[in-house]
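The structure appears below as structure tokens.
Sequential numbering from 1 along the given sequence is applied to the chain's residues. What you see below is based on every heavy atom in this structure, not just the backbone, and it leaves out hydrogens, waters and symmetry mates.
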Amino acid sequence: MEELMEMRHQLAAMKESLDKSQIVNNKLLKKVMSGKASFLNRIVIWEIIGLPFIVLILLANCVFYNATTWVAWVVLIFGAIDIAFDFKTLRIPVKDVNEMSLIELRKKIIRQKHLRNIQTIIGISLCVPWALWAYVEWFKPMNYIEEIINGDPTVWTIIILLALLLAVAILFTLWLLKKINKTSDSIVAEINESRK
């Protein structure tokens, strides 16, 4: 009988020890996830800070080239919409990391990644026509049609530089998306590992 009581005490002690280690593991996991989520959250903050400066630069270009300011206002409107979507598709609040179950958090991150990929495709699709519109507004290429035909190096230099700038912007966006998705995947992998 004494042996049975001793075994029960040992089992209870093992269960308590297991529960404590599980709590510690969950706390460590959530701390790691909070660190990774802070990278995603900082991107949204930098977007909010950067948007007004980008709009001011575009407004200055519009004034300098005597073009319509709608080129800049469109960036402000669509940039604000993009940031609002990023609050849903990119940001992971610390509250969610601490309060959501790991399964719910995993589902949220996977859903965010899917929506973010769609958002990027739409954003790039809208960016290209905007860049063409901005080029037409600022440089009035129809006024330089003769120079373009004759191969004026100044006009062609501007066209090539703007095309390169657009390509760099698209490549940077895709690189950042890959880095963001990699961070999301690593959080999901941590959750999957903890459930084994």
For this session: Examine distances only and state if a side-chain atom of Gln112 and a backbone atom of Arg91 form a donor-acceptor pair shorter than 3.5 Å.
Result: yes
For this session: With rounding to the nearest 0.5 Å, note down the distance linking CD1 in Ile191 to CD1 in Ile103.
Result: 9.5 Å
Problem set entry | Side-chain heavy atoms of Ser38 within contact of Val94, under 4.5 Å | no
Exercise. In Å, rounded to the nearest 0.5 Å, how long is the span from CG of Asn98 to OG of Ser34?
Worked result: 5.0 Å
Exercise. Passes side chain to side chain contact (heavy atoms under 4.5 Å, CB included), Asn41 versus Leu90? Steps please.
Worked result: CA-CA 7 Å; Asn41 297 338; Leu90 185 61; over 6 Å; no
Problem set entry | Non-hydrogen side-chain atoms of Leu58 and Thr69 separated by less than 4.5 Å | no
Exercise. Which value, rounded to the nearest 0.5 Å, describes the distance between Ile187 atom CD1 and Leu102 atom CG?
Worked result: 11.5 Å
For this session: Check the surroundings of atom NZ in Lys108: do more than 12 heavy atoms from other residues, nucleotides or ligands lie under 6.0 Å from it?
Result: yes
Problem set entry | Minimum heavy-atom distance between Ala72 and Cys62, given as atom pair plus value | N-SG, 4.4 Å
For this session: Before accepting this row, confirm whether a basic side-chain N of the pair Lys113/Asp185 lies closer than 4.0 Å to the acidic partner's carboxylate O.
Result: yes
Exercise. Are Leu126 and Ile124 linked, directly or through other ILVMFWY residues, by side chains that come within less than 4.5 angstrom of each other?
Worked result: no
Problem set entry | Other residues, nucleotides, ligands: >12 heavy atoms within 6.0 Å of Trp73 CH2 | no
Problem set entry | Straight-line distance of Glu137 CD to Asn66 CG, nearest 0.5 Å | 10.0 Å
For this session: Taking all non-hydrogen atoms of both residues into account, name the closest pair between Val75 and Leu51 and its distance.
Result: O-CD1, 4.0 Å
For this session: Please lay out, stage by stage, how Leu76 and Ile54 fare under the test side chain to side chain contact (heavy atoms under 4.5 Å, CB included).
Result: CA-CA 9 Å; Leu76 178 64; Ile54 291 168; over 6 Å; no
Exercise. Roughly how far apart are Leu105 CG and Glu190 CD, rounded to 0.5 Å?
Worked result: 11.5 Å
Exercise. For the atom pair CZ (Arg42) and CD (Glu47), what is the distance rounded to the nearest 0.5 Å?
Worked result: 13.5 Å
Seminar exercise, completed: Correct closest heavy-atom pair for Ser184 and Arg116 would be OG-NH2, 2.9 Å
For this session: Verify the cluster assignment for Val97 and Ile110: are they in a single hydrophobic cluster under the rule of side-chain heavy atoms below 4.5 Å apart?
Result: yes
Exercise. Does any N or O in the side chain of Trp133 come within less than 3.5 Å of the main-chain N or O of Val71, such that one atom is a donor and the other an acceptor?
Worked result: no
Problem set entry | Polar contact flag, side-chain donor to acceptor under 3.5 angstrom, Gln119-Thr89 | yes
Problem set entry | Hydrophobic cluster membership, Trp130 vs Phe85, 4.5 Å side-chain cutoff | yes
Problem set entry | Joint hydrophobic cluster, Ile48 plus Ile81, side-chain heavy atoms closer than 4.5 Å | yes
Seminar exercise, completed: Note: Leu40 and Ile180 closest approach over all heavy atoms is CD2-CG2, 3.6 Å
Exercise. Could you walk me through whether Leu161 and Leu165 pass the side chain to side chain contact (heavy atoms under 4.5 Å, CB included) check?
Worked result: CA-CA 6 Å; Leu161 285 175; Leu165 186 64; over 6 Å; no
For this session: Consider only side-chain N and O atoms of Arg106 and Ser101, and report whether a donor and an acceptor are under 3.5 Å apart.
Result: no
Problem set entry | 4.5 Å side-chain heavy-atom contact, Trp70 and Ile77 | yes
Exercise. Any link between Leu115 and Leu174 through a network of hydrophobic side chains (Ile, Leu, Val, Met, Phe, Trp, Tyr) touching at under 4.5 Å?
Worked result: no
For this session: Apply side chain to side chain contact (heavy atoms under 4.5 Å, CB included) to the pair Thr173 and Cys127, showing each step before the final yes or no.
Result: CA-CA 11 Å; Thr173 301; Cys127 183; over 6 Å; no
Problem set entry | Exceeds 12 heavy-atom contacts within 6.0 angstrom, atom CZ of Phe39 | yes
